[in-house]
Chemist: 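The following block contains the structure, expressed as structure tokens.
So you know, we letter chains A, B, ... as the sequences are listed, proteins then strands, and number each from 1.
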Amino acid sequence: MASKPKSRWADDEADAALEAQRKKEKEEKKRLKAEKARKLEAERKAREAAAASTSQQAGDDPDRGPPAKRRRLSPERDNHDGDDHGDDDHRDDDNEAPRAHAPSSETTAADPSNLLRFEGGTFGRSRSVENYDKLNDIEEGTYGWVSRAKDVATGQVVALKRLKMDPKDRSGVPVTGLREIQILKDCNHGNVVKLLEVVVGDDASKVDSIFLVLEFLEHDLKSILEDMPSPFLASEVKTLLRQLASGLAYLHDHFILHRDLKTSNLLLNNRGRLKIADFGMARYVSDPPPANLTPLVVTLWYRAPELLLGETRYGAAVDMWSVGCVFGELLTREPLLQGRNEVDQLARVFELCGTPSDDAWPGFRRLPHARGLKLPRGPPRRRSAPRSPSSPPPARPCSARSSPSTRPAAPPPARCSSTTTFARTRGPSPRPCSRPSRARPARSGGDGGRPPRRRRAARR
Amino acid sequence: MAHMTNPLATPDQLFQRRSLGALPMELQDIIFFSTQCLTQAAGLLLQLPQSVTAQANVLLARYWLVESMMAHEFSDVSAATLYLVAKLSSHPVSPRDVAYIYTYLLSSSSAFFHDPSSRPPPPPPPPFGSESTTTATASSFSSDKSNTPYLSPSGYQAFHARLLRLEGLVLAALGFDTHVALPHPLAVTYLQALDFFSFRRDGSKEAGRRALAARAVAYLNAALLSPQALYLTHQPPALAVAAMYSAARDVGAKMPECEWWEVFDVDREELGFLVVGMRSVEGWGRKMRKDMKEAMRGRERGMLTRKDVEGELRRRGLVAGDEVGNGSKMAVVDAAEEEAARRLDEKMAEMASAA
């Protein structure tokens, strides 16, 4: 590994020597032009040779620095294949051998191979939460408390999410919290909330409080929708949904199911950038999906029908259902399907999408909870799909299709973002920021005094 | 790319392992080797897939670059990492199962590190309640009196408390980064890419190809035990390629004539280093087993403990100040926990007798 810088060093030395040589040549030029040209040519050749057979020349020249990287070619190795039986001495011999043969390998050694370096970062101890000053509480969620805090050293404002640790829990650090940390650490996308670090309480002898340090975003979609006097414009819905789809496509491409998408988990900053947050339910899955997933995920109003029917082998389609629900909610400012319980929720789904038939959704009758299901006879009836008040064409979310197999995957809208469907690729619209009626003022409340009316960050 | 990359140790971390005040290197090596073997044995008995156990091995190696080896009992650290990795995997295990397995492995009746040359293998556990006579050599073993591994309720409470406390400490020491990418699947994929698994009608070379893959995986597993901590200094693709290279040599498989490792983004230098490292594990492991027997002073099986190492240090006249000091401070905490658990037991017993 160290050999790369070494050989570069050797090259630098060669270049420096060449520079000196060139200067001398310039003086000589006045005396003899023809000779200069010849000499330069020779020098250039010498340099090429130097760069090529690095190790040889490095050994001869005292100012050349450490010997450059040795290279070995397979022909030499093959000669030794027969007598090498695997102990270290043999290996060493083997390593020495090609040095003698190196001149023969000049051509390949000359062009540096273009290898991909894998960067995995490092590991080290978590810092203490004392590195952050708490500013105000934001909210308490199912899995933890969230507060706004400031990094003492840098002044950066962050959201601190404290993992709930139940001392009575006999299994230690909650696995959902660990999954959330691992998934967020692995993610790097503009529409997924960033985990800056994980800090712990000050007690060195045991770890009883764990804080996720997340980037701070001013709003979440749910509270914005609640406070808005008029719904989003079609273009605004479009940019929000495009960002959501692009974030979700990233997650699904990396085998992550979010499993709790809803408007309160979608954060929005003052510049209009949307980020997916709260990975408390998220997990890595395989493709095809594993068979033993729990269907008890996703907040009821955003839960896909296959989950309501007790499917344990589900995939990215459950997230897409939630996206459809969010879409509907963006248009009407009201959650699309507000069931009172699982049965009611399912009834509302069928009311909206029509009763599933064996053609539209093969095999849905075999799902665990489908057996006791009484479906209305006759042609499926549909409630009118939600419409955007500002845009006449009906906008029934195509992701809200009851059959998971015909529901579109997240990637298409995101990938065709440069084409017709989502032609507006200028990035998030700054508009909510410019109209106070739409969104809270950017810096309402300030840092001191009364806490701002409602600040949100990573959780709910 | 996450499935192909690991966080690696920094030069500082590696250097501190060898710096002044640390344990002598050969003792560190013995501790490392025996604890990693213990994790492997526990993983087998808990019926965890090797993918889980190997991740625990890697996490343990990382942890010991951040935290002193003597800070906690070795077997406890092993149990905590295994429990943690299993919890995050699709094969979670209960703390109770972990407790039973480790109690067995640490008991004198376990086959763990049994030396077949010195003694007949331990008899199968006798029926419950009967006394065995083969405990003479285990007299120094404090955790159990008889040959039957038995975990008392208070013992379990104490173990459980230690397990969860260490789980948190390991997580904090690693910055809550539990990501481990293993080279094993890469090795199989690479062998496929080199067309070693293509279906042949005659099946004549089938056995050889299988041997090649098995040998490569064996190299990767052996490298987990090496105190060179190859998994902490090299990325999975390099490990996979080195294992394939060594395996191909062993079984005499014909590899491409060109520099095929560059296809997998490994340069020759790195490959050479790893091949030497991996090939040396076997002989080194043999030596370790011998050394360990000496360190344990005649105890023929079971696991090296912190007490053994402290004794060894004292014998050499090297009571390394803060290492051991730190260790005994932790031991006090452990003792306090055990005491609390014992009191709880007595209380329970009282309540039971009262009822």
Chemist: Answer with side chain, backbone, both or neither: which region of B:Q13 has an atom nearer than 4.5 Å to a non-hydrogen atom of chain A?
Modeler: side chain
Chemist: Salt bridge between A:R170 and B:E167, side-chain N to carboxylate O under 4.0 Å?
Modeler: no
Chemist: For A:D202, enumerate each residue passing the side-chain hydrogen bond (donor to acceptor under 3.5 Å, both in side chains) test, keeping only those at least two apart in sequence or located in another chain.
Modeler: A:S128
Chemist: Filter on salt bridge (Lys or Arg N to Asp or Glu O under 4.0 Å), then keep only pairs touching residues 186-197 of chain A, sequence neighbours left out; what's left?
Modeler: A:R127-A:E197
Chemist: Which bit of A:I181 is near chain B, if near means a heavy-atom gap under 4.5 Å: side chain, backbone, both or neither?
Modeler: side chain
Chemist: Is a side-chain N or O of A:Q182 found less than 3.5 angstrom from the main chain of B:D177, in a donor-acceptor match?
Modeler: no
Chemist: Quick one: does A:E119's side chain have a donor or acceptor within less than 3.5 Å of a partner on B:T5's backbone?
Modeler: no
Chemist: Non-hydrogen atoms of chain A under 4.5 Å away: do they reach the side chain of B:L163, the backbone, both or neither?
Modeler: neither
Chemist: Just give me the residue among A:V173, A:N292, A:V198, A:I210 that pairs up with chain B most often, heavy atom to heavy atom, under 4.5 Å.
Modeler: A:V173
Chemist: Go through the atoms of B:V263 and report whether side chain, backbone, both or neither lie under 4.5 Å from a heavy atom of chain A.
Modeler: neither
Chemist: Write down the atom of B:A172, the atom of A:V200, and the distance for their closest heavy-atom approach.
Modeler: CB-CG1, 4.1 Å
Chemist: Check each atom of B:Y83 against the heavy atoms of chain A and say whether the ones under 4.5 Å are side chain, backbone, both or neither.
Modeler: side chain
